[in-house]
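Note sheet for the following structure.
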Amino acid sequence: MLNKPAIFLVWLSLLLGSHETGRAEPAQDRIALMLSGPDCPALRNTVTAALQQQTGVLRADPDLMPDHVLIDIVRQHLTEEALAAIANQATAGSQCRAEIMKSCITAEPPPPHAQTP
């Protein structure tokens, strides 16, 4: 049988352990921006630098996928639309457009009138 000091130490370690694992981490997401246009290859570093300067951007990588910039963000700070706007502002005046890349899983369903019978 455990004595009172041992019970207290077990209780204290459980309490402190649950406090550490109970912390809520900020929601992180990976966003893909597709870069399209003839000027994009020359501007991808400019786009990446503009994105990495934003609060909430953990990483922007133009090398993982051709013609895309993959961005790891803290969701509470930025939205996909804000990232696309930042990228498009960085390419203003050029023939390069950044668009949010959505997969078939994350894209919204088509409106009912667009479905085929």
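The residues of the chain are indexed from 1 along the displayed sequence. Basis for what follows: all heavy atoms, side chains included, without hydrogens, waters or symmetry-related copies. Please read all numbers here as calculations on a predicted model, not as lab measurements.
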Roughly how far apart are [X] [atom1] and [Y] [atom2], rounded to 0.5 Å?
| X | Y | atom1 | atom2 | value |
| --- | --- | --- | --- | --- |
| Arg97 | Asp39 | CZ | CG | 14.0 Å |
| Ile71 | Glu80 | CD1 | CD | 9.5 Å |
| Gln76 | Asp29 | CD | CG | 11.0 Å |

Exercise for the section: Give me the one residue out of Thr48, Ile86, Asp72, Leu78 that meets side chain to side chain contact (heavy atoms under 4.5 Å, CB included) with Val57. Expected result: Leu78
Exercise for the section: Answer whether the closest heavy-atom distance between the side chains of Ser94 and Leu43 falls below 4.5 Å. Expected result: yes
Practice task
Report yes if the side chains of Ile73 and Leu58 come closer than 4.5 Å at any heavy-atom pair, otherwise no.
Solution key: no
Exercise for the section: Examine distances only and state if a side-chain atom of Gln52 and a backbone atom of Ala60 form a donor-acceptor pair shorter than 3.5 Å. Expected result: yes
Handout entry: Expected output: side-chain Thr91 to main-chain Cys96 donor-acceptor under 3.5 Å
Key = yes
Practice task
Run the numbers on His68 and Leu35 for side-chain contact (heavy atoms from CB on, under 4.5 Å), then give the verdict.
Solution key: CA-CA 5 Å; His68 291 74; Leu35 302 178; over 6 Å; no
Handout entry: Where Leu51 and Ala87 come nearest, the two heavy atoms and their spacing
Key = CD2-N, 4.4 Å
Completion exercise
Residues Thr46 and Ala90: closest non-hydrogen pair is CG2-O, 3.9 Å
Exercise for the section: Kindly work out whether a path of hydrophobic side-chain contacts (I/L/V/M/F/W/Y, heavy atoms less than 4.5 Å apart) joins Val69 to Ile31. Expected result: yes
Problem - Leu83 with Ile100, same ILVMFWY side-chain cluster at under 4.5 Å - result: yes
Handout entry: Electrostatic pair Arg44:Asp67 at N-O distance under 4.0 angstrom
Key = no
